[in-house]
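Numbered from 1 within each chain, the chains take letters A, B, ... in sequence-line order.
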Protein chains: 2
Amino acid sequence: MRRDIFQAIADPTRRAIILLIAVQAMTPNALAEHFDTTRQAISKHLKVLIQCELVKPQQQGRQIYYQLEVEKIDEIDHWLRQFRKIWESRFERLDDLLTTLKKQQQ
Amino acid sequence: MRRDIFQAIADPTRRAIILLIAVQAMTPNALAEHFDTTRQAISKHLKVLIQCELVKPQQQGRQIYYQLEVEKIDEIDHWLRQFRKIWESRFERLDDLLTTLKKQQQ
DNA sequence: GATTTGGGAAACCAGTCGGTTGTATTATAT
DNA sequence: ATATAATACAACCGACTGGTTTCCCAAATC
């Protein structure tokens, strides 16, 4: 299944998970305590975050600490920068954007 | 229905729409030409974008030009800044720990 | 006034999502 | 060796998503 970071951060629970593990790596149980859902639901969210490489599991005994892959957050930044670049030069070169978009779709 | 900007930009077609109208306001028909879907599908995407105030319709005769509400994009930036603040303060805490350890060695 | 054109709204469909419950697996503790 | 704890995995469910098709409305054109 195709996962991308924008889909990953679309869910508010996942955004909260990201902020939590930004402070320190955490286990599913520890994370679940901060939410009003089951541990299994959190596990599913973590699975999504792993699939788009935002998060990395680190086994430690029978516990699994999930830690953030910070660099991945830059992909959001990248899109924002692309957007701002377009916005700032919005009166020039619509054609350039169109060819860029076409390439990205391929 | 509760809409938020993160859900809005989760869809790749909507992200492309945002980039397109960042250059200039466009009508649904004009937008649809750039995608492999029907005008109605694009209209639905625009509806989502309107609901979370990323886009504003502007009637002009029987055509409706959709234009971007740029400031709204800042909400993404805001979350990123919040995230980075947390991430950086994590290292500050590490620094504190390290200086504490250093003091203890002296 | 009839026709065409730009666009919205509704009904429908298959696929996905976020959640639950239940079961399986593995590491620690007794 | 057995019990317990931490977690994954699978099946299921209702809600939502992105898409299509069909229909309707209003503005422009003839």
Margin query: Below the 4.0 Å mark, does C:dT20 have OP1 or OP2 next to a side-chain nitrogen or oxygen of A:T38?
Written below: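 A:T38 to C:dT20 OP1/OP2: side-chain N or O found under 4.0 Å.
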Check: Is any side-chain N or O of B:H45 closer than 4.0 Å to OP1 or OP2 of D:dG19?
Finding: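 True: B:H45 side-chain N/O within range (under 4.0 Å) of D:dG19 OP1/OP2.
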Tell me the interatomic distance from [X], atom [atom1], to [N], atom [atom2], rounded to whole angstroms.
X     : N      : atom1 : atom2 : answer
A:Q58 : D:dT7  : CD    : C1'   : 16 Å
A:I17 : C:dG19 : CD1   : C1'   : 13 Å
B:Q59 : D:dA26 : CD    : P     : 11 Å
B:D4  : D:dT17 : CG    : P     : 11 Å
A:D11 : D:dC16 : CG    : P     : 14 Å
B:I42 : D:dT21 : CD1   : P     : 14 Å
A:F35 : C:dG19 : CZ    : P     : 10 Å
A:L31 : D:dT7  : CG    : P     : 9 Å

Checklist line | A:R84 to A:W87 six-membered ring, cation-pi geometry met (6.0 Å, 45°) | finding: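 Relative to the ring axis of A:W87, which defines the angle, A:R84 lies outside at least one limit.
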If the condition is side-chain contact (heavy atoms from CB on, under 4.5 Å), which residues does [X] pass it with, not counting sequence neighbours?
X     : value
B:P57 : B:I50, B:I64, B:Y66
A:K56 : A:Q67, A:E69
B:T27 : B:N29, B:A30, B:Q63, B:Y65
B:H78 : B:R81

Check: Among all residues two or more places apart in sequence or in another chain, which pass the salt bridge (Lys or Arg N to Asp or Glu O under 4.0 Å) test with A:K72?
Finding: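 A:K72 satisfies salt bridge (Lys or Arg N to Asp or Glu O under 4.0 Å) with A:E53, A:E75 once adjacent residues are dropped.
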Next item on the list: If a protein heavy atom is under 4.0 Å from the base, mark B; if only from the sugar-phosphate, S; if neither, -; do that for nucleotides 4-12 of chain C going 5' to 3'.
Entry: BBSBBB-B-
